[in-house]
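See structure below.
Letters go in sequence order (proteins before strands), and every chain restarts at 1.
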Number of protein chains: 2
Amino acid sequence: MVGLRGLERLPIQGELPGELPADRARLLLKALADPIRLEVIEALAGGERCVCDLTSELGLAQSKLSFHLKVLRDAGLLADRHSGRWVYYQLQPEALERLRGWLAALAASCTTPAPPCC
Amino acid sequence: MVGLRGLERLPIQGELPGELPADRARLLLKALADPIRLEVIEALAGGERCVCDLTSELGLAQSKLSFHLKVLRDAGLLADRHSGRWVYYQLQPEALERLRGWLAALAASCTTPAPPCC
DNA sequence: AAGTTCCAACAACCTGACTTGATGGGAGAT
DNA sequence: ATCTCCCATCAAGTCAGGTTGTTGGAACTT
């Protein structure tokens with residue numbers, strides 16, 4: 001599997017309190033750090049899409065796409081919606097926003113000069 | 001090696017024009033998506049540090065830390081500064097900011113409902 | 001000069017993530 | 001009921017990325 005190593009089942013979906021622990025940030029980053037998943041993300045940036053639609057647009061094997069969609073969904077980056085025999089996926093702006101907040105916190109005071117050292 | 005696969009030597013360091021192509025974003029994300037590198041990043045969030053300092057604080061083999069520092073540096077996330085026989089590393093807020101911008105663009109219109117499908 | 005410390009780079013090994021192909025379930029159509 | 005389509009899941013194989021130990025250069029000390 002993928003974005004995991006012992007922390008796959010923390011309560012990911014419902015977590016709005018801006019603060020994002022490092023482990024959670026790592027899960028998001030790991031989910032995003034794959035070329036195919038980035039294509040999926042960018043395809044979904046325009047709005048919700050169904051799986052069959054993504055399959056043909058990205059030219060991926062169904063099994064392959066399904067694998068990557070699961071990784072993104074487990075990370076909380078995507079939400080799925082079932083309708084008939086189709087499944088629609090949507091990018092979750094909250095997840096992106098939390099990651100942005102984490103990045104902003106890092107940048108806040110990183111330019112402090114180094115102490116004398118050793 | 002790591003954050004690469006054919007695009008390791010694009011001009012990474014000097015690139016302020018807010019726009020961040022997907023390939024570049026992927027390089028940043030891949031560099032960040034590692035537990036050890038996240039520890040390094042967080043250690044540097046407080047300000048510049050020398051390598052020997054990081055080695056002892058994170059309890060890492062010198063070779064291992066050097067490997068990860070190179071990945072982060074190649075991605076443009078870190079800048080190094082040599083002084084005597086010491087090397088100081090600093091987090092680059094511009095890189096973080098560019099990534100934040102990329103994330104913001106993704107979130108902009110991702111909640112558009114799906115077209116009828118198939 | 002020789003010795004020591006700090007750090008980067010290399011080769012070989014190894015683990016874990018990704019790929020591939022196949023199987024199975026759910027929902028609609030005939 | 002049967003068939004078809006859409007999608008998730010599984011097992012097995014592949015391979016890129018990370019680890020480990022070592023080597024070597026640069027800078028300072030004695």
Side-chain angles (χ1 to χ4, degrees), chain A residues 1-8 26-40 44 48-75 78-90 114-118, chain B residues 1-8 26-40 44 48-75 78-90 114-118:
Chain A
M1 285 298 304
V2 67
L4 17 96
R5 206 173 327 204
L7 52 84
E8 37 287 69
R26 183 163 67 81
L27 188 56
L28 288 175
L29 291 167
K30 208 167 174 71
L32 287 171
D34 177 275
I36 291 183
R37 290 197 285 272
L38 275 195
E39 289 186 54
V40 172
L44 291 175
E48 194 185 37
R49 303 284 288 276
C50 75
V51 176
C52 60
D53 195 0
L54 290 171
T55 304
S56 61
E57 173 168 331
L58 302 178
L60 296 175
Q62 183 270 324
S63 163
K64 195 175 190 174
L65 177 60
S66 189
F67 168 79
H68 290 291
L69 286 172
K70 175 176 170 54
V71 174
L72 291 169
R73 178 163 41 85
D74 286 348
L78 299 183
D80 58 349
R81 176 174 66 85
H82 294 254
S83 172
R85 51 182 167 180
W86 291 286
V87 178
Y88 296 86
Y89 278 88
Q90 188 181 41
C117 170
C118 309
Chain B
M1 285 298 303
V2 65
L4 14 99
R5 211 179 317 211
L7 51 84
E8 38 287 73
R26 183 163 67 82
L27 188 56
L28 289 174
L29 291 167
K30 207 168 175 69
L32 288 171
D34 178 275
I36 291 185
R37 290 198 285 272
L38 275 195
E39 289 186 54
V40 172
L44 291 176
E48 194 185 37
R49 303 284 287 277
C50 77
V51 176
C52 59
D53 195 0
L54 289 172
T55 304
S56 61
E57 173 169 331
L58 301 178
L60 296 175
Q62 184 272 323
S63 163
K64 196 175 190 172
L65 176 60
S66 189
F67 168 78
H68 289 292
L69 286 173
K70 175 176 171 51
V71 173
L72 291 168
R73 178 164 41 85
D74 286 349
L78 263 44
D80 57 350
R81 176 174 67 86
H82 295 254
S83 172
R85 51 182 167 180
W86 292 287
V87 179
Y88 296 86
Y89 277 88
Q90 189 181 40
C117 171
C118 310

Value in whole Å for how far the P atom of C:dT19 lies from CG of A:Leu58: 12 Å

Side-chain contact check for B:Asp34: nearest option of D:dG18, D:dC6, C:dC7 is D:dG18

Roughly how far, to the nearest 0.5 Å, is the CG atom of B:Leu44 from the CG atom of B:Leu72? 8.5 Å

With sequence neighbours left out, what residues match B:Ser83 under side chain to side chain contact (heavy atoms under 4.5 Å, CB included)? B:Arg81, B:Tyr88

Separation of B:Thr55 OG1 from B:Lys64 NZ (nearest 0.5 Å): 12.0 Å

Atom of B:Asp80, atom of B:Val87 and distance for their closest heavy-atom approach: CB-CG1, 4.0 Å

Taking B:Arg37 for its side chain and B:His68 for its backbone only, find out whether a donor-acceptor pair lies under 3.5 Å. no

I want to check something: taking the side chain as every heavy atom from C-beta on, are B:Arg73 and B:Leu69 in contact at a cut-off of under 4.5 Å? no

Whole-Å gap separating P (C:dA27) and CZ (A:Arg85): 12 Å

Which listed nucleotide (C:dA17, C:dT19, D:dC7) is nearest to the side chain of A:Cys50? D:dC7

Between the protein and nucleotides 8-14 of chain D, which nitrogen or oxygen pairs come in under 3.5 angstrom?
from	atom 1	to	atom 2	distance (Å)
D:dA8	OP1	A:Tyr89	OH	2.7
D:dA8	OP2	A:Ser66	OG	2.9
D:dA8	N7	A:Gln62	NE2	2.8
D:dA8	N6	A:Gln62	OE1	3.2
D:dT9	O4	A:Ser63	OG	3.3

Separation of atom CG in B:Leu78 from atom P in C:dA8, rounded to whole Å: 11 Å

Closest-nucleotide mapping onto DNA chain C: is A:Ala33 or A:Gly84 further toward the 5' terminus? I mean the 5' end. A:Ala33

Based on the rotation axes of five pairs at each end, what angle does the helix from C:dA1-D:dT30 to C:dT30-D:dA1 bend through, to 10°? 10°

Just how far, in rounded Å, is P of D:dA27 from CZ of B:Arg81? 15 Å

Atom-pair distance (NZ on B:Lys30; C1' on C:dG16), nearest Å: 12 Å

Within the pair B:Arg37 and D:dG18, is there a side-chain N or O less than 4.0 Å away from OP1 or OP2? yes

Nearest heavy atoms of A:Asp74 and A:Leu27, plus distance in Å: O-CD2, 4.5 Å

Interatomic distance where CG belongs to B:Asp74 and P belongs to D:dG18 [whole Å]: 12 Å

From CG of B:Leu72 across to P of D:dG18 the rounded distance in Å is 10 Å

Contact between A:Leu60 and A:Leu54 at the side-chain level, heavy atoms closer than 4.5 Å - yes or no? no

Ranking D:dT19, D:dC7, C:dT19 by distance to the side chain of A:Ile36, first place goes to C:dT19

When the distance from CG of B:Asp53 to P of C:dT5 is rounded to whole Å, what number comes out? 18 Å

B:His68 has its side chain closest, among C:dT19, C:dT5, D:dT19, to D:dT19

A:Leu28 and A:Ala75: which non-hydrogen atoms are nearest, and at how many Å? CD2-O, 3.4 Å

